[in-house]
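First comes the structure, then the notes that go with it.
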Amino acid sequence: MIKSEAKRLGFLSCGISKADFLEEEAPRLEKWLKNNMHGEMHYMENHFDKRLDPRKLVEGSKSVVSMLLNYYPENTQEDPEAPRISKYAYGTDYHFVIKDKLKQLLQFIQEEIGEVNGRAFVDSAPVLDKAWAAKSGLGWIGKNANLLSKQVGSFFFIAELVIDLDLACDTPVTDHCGSCTACIDACPTQAIVEPYVVDGSKCISYFTIELKNEIPQDVRGKFDNWMFGCDVCQDVCPWNRFSKPHNEPLFNPHPDLLSMTKKDWEEITEDVFRKVFKKSAVKRTKFSGLKRNIDFLK
Ligand code: SF4
Ligand code: SF4
């Protein structure tokens, strides 16, 4: 019943896991942090225990309900020379769109089942969403560290409800990366340091979105024209040949965004920035951050 309501709300798929300690993830996360692969994302160091155990995050929680929401756009930026924006950031900030759907799903559960308590998460709290989605059978974590599905590729958001309701659990799917190394070979900054391990501090997404200071000179010329995020390791993934355009109107970009030329981006004013990215996640970088990124590509 929960899964069909999730589908009705527009989610691609929904899977369930027991709210428990993420035993396999614990040493991986510890090693990743120890090796400073989070760079200046110091918030990753916080809430280590909560990150690995949702019961510490939501009291009395019994199940994690994970959902995927497609963001693959029908059209991409027209000028092949224009600085590029990651496809997930074209439309309205996904946090708002997904939170709303999660609230509706929780409300549905409460109406149908009775008093159920829980919290909705979308990339907003210490929840290891990919690990939960993989545990719930929604896909496997690929060599590019993204969640992949044979049916829908990887251009989707992941969100969860952590609730105090005991539900039947799903089982994980097998890894279908096989001998492929397309993502590792194509990464412009060699951030995929070994299969399944992305050094976050070397990733273009980190440099263009998370890093508040100046971008280090040693990566100049390596950004493959990305000004906000990077889709390379997803674009080259053979499983993404199955991606189909989303049908969420709120994810459609502002009409000017796709037609802006290289010159338009280089001359962008704060007014244009505000107009084109009115409700977009790109606002996270602020105008000055996006300008810094565009200038870095010159
Ligand atoms: S997002 Fe881009 S920079 Fe980051 S790991 Fe993937 S290909 Fe490399
Ligand atoms: S590009 Fe190949 S190795 Fe990388 S995630 Fe996709 S299938 Fe796996």
Side-chain angles (χ1 to χ4, degrees), residues 28-29 31-33 35-41 44 68 70-73 76-77 82-90 94 123 128-131 133-134 137-158 172-211 215-244 281-282 284-285 289-290 292-294 296-297:
R28 260 184 242 156
L29 178 62
K31 195 172 160 202
W32 192 79
L33 290 168
N35 289 335
N36 268 321
M37 292 191 176
H38 56 307
E40 288 180 19
M41 296 181 279
M44 291 294 298
L68 308 182
N70 186 13
Y71 65 77
Y72 190 73
T76 50
Q77 288 172 273
R84 299 196 274 174
I85 305 168
S86 191
K87 292 183 253 308
Y88 81 82
Y90 278 7
Y94 59 99
D123 202 19
L128 293 175
D129 46 13
K130 284 184 286 187
L138 299 184
W140 73 97
I141 298 179
K143 292 181 191 171
N144 60 7
N146 280 297
L147 188 82
L148 294 174
S149 139
K150 271 171 91 174
Q151 288 75 32
V152 291
S154 66
F155 288 107
F156 45 68
F157 298 112
I158 308 174
V173 296
T174 43
D175 183 320
H176 293 278
C177 278
S179 58
C180 174
T181 55
C183 54
I184 301 171
D185 302 340
C187 174
T189 51
Q190 288 89 46
I192 309 175
V193 287
E194 57 180 279
Y196 308 100
V197 180
V198 171
D199 183 342
S201 72
K202 290 186 177 165
C203 176
I204 296 169
S205 289
Y206 163 76
F207 289 124
T208 55
I209 304 170
E210 301 283 348
L211 186 69
I215 303 172
Q217 286 304 321
D218 60 347
V219 286
R220 191 177 277 283
K222 288 190 175 176
F223 276 17
D224 208 8
N225 221 11
W226 290 95
M227 67 168 157
F228 187 91
C230 166
D231 286 343
V232 171
C233 56
Q234 298 196 81
D235 284 336
V236 299
C237 178
W239 293 107
N240 275 325
R241 65 183 183 269
F242 301 114
S243 305
K244 289 191 189 71
V282 177
R284 277 177 67 187
T285 63
L290 195 74
R292 173 201 66 173
N293 297 347
I294 295 170
F296 192 73
L297 299 175

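All ligand and atom numbering here is 1-based and tracks the order in the structure.
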**Worked verdict on Asp231 versus Arg84 for salt bridge (charged side-chain N to carboxylate O under 4.0 Å, His left out)** = CA-CA 9 Å; Asp231 286 343; Arg84 299 196 274 174; over 6 Å; no

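- Ring geometry for Tyr72 versus Phe155: interplanar angle of 30 to 60°, hence tilted.
- Relative ring orientation between Tyr71 and Phe157 is described as tilted, the plane-to-plane angle lying within the 30° to 60° band.
- Considering only non-hydrogen protein atoms, atom 3 (S) of ligand 1 sits nearest to Ile204 N, 3.3 Å.
- Residues in residues 182-193 take part in these side chain to side chain donor-acceptor pair (under 3.5 Å) pairs, two or more places apart or across chains: Thr181-Asp185.
- If you check which protein heavy atom lies closest to atom 8 (Fe) of ligand 1, you get Cys187 SG, 2.3 Å.
- The contact set between ligand 1 and Val232, taken as ligand atoms under 4.0 Å from a residue heavy atom, comprises 7 (S).
- Side-chain contact between Cys233 and Ile192 is present, with at least one heavy-atom pair separated by less than 4.5 Å.
- The structure places CG of Asn240 at 7.0 Å from CG of Leu148, a figure rounded to the nearest 0.5 Å.
- Taking 4.5 Å as the limit, some side-chain heavy atom of Tyr90 sits within range of a side-chain heavy atom of Ile85.
- Counting the atoms of ligand 1 from 1 in the order shown, those under 4.0 Å from a heavy atom of Cys230 are 1 (S), 2 (Fe), 3 (S), 7 (S).
- Here the protein contributes Cys183 SG as N, O or S atoms under 2.8 Å from atom 4 (Fe) of ligand 2.
- A 4.5 Å side-chain heavy-atom check between Ser86 and Ser205 finds every atom pair outside the cut-off.
- Under 4.0 angstrom from ligand 1, the non-hydrogen atoms of Pro188 all belong to its side chain.
- Taking the six-membered ring where the residue is Trp, Phe228 and Tyr88 present tilted rings, their angle falling between 30° and 60°.
- Cys203 SG, 2.4 Å is the protein heavy atom nearest to atom 4 (Fe) of ligand 1.
- Listed by number with element, the atoms of ligand 1 under 4.0 angstrom from any heavy atom of Thr189 are 3 (S).
- Set against the non-hydrogen atoms of Trp239, the atoms of ligand 2 under 4.0 Å away are 7 (S).
- Proximity of Leu211 to Pro216: side-chain heavy atoms (C-beta onward) are separated by under 4.5 Å at one or more points.
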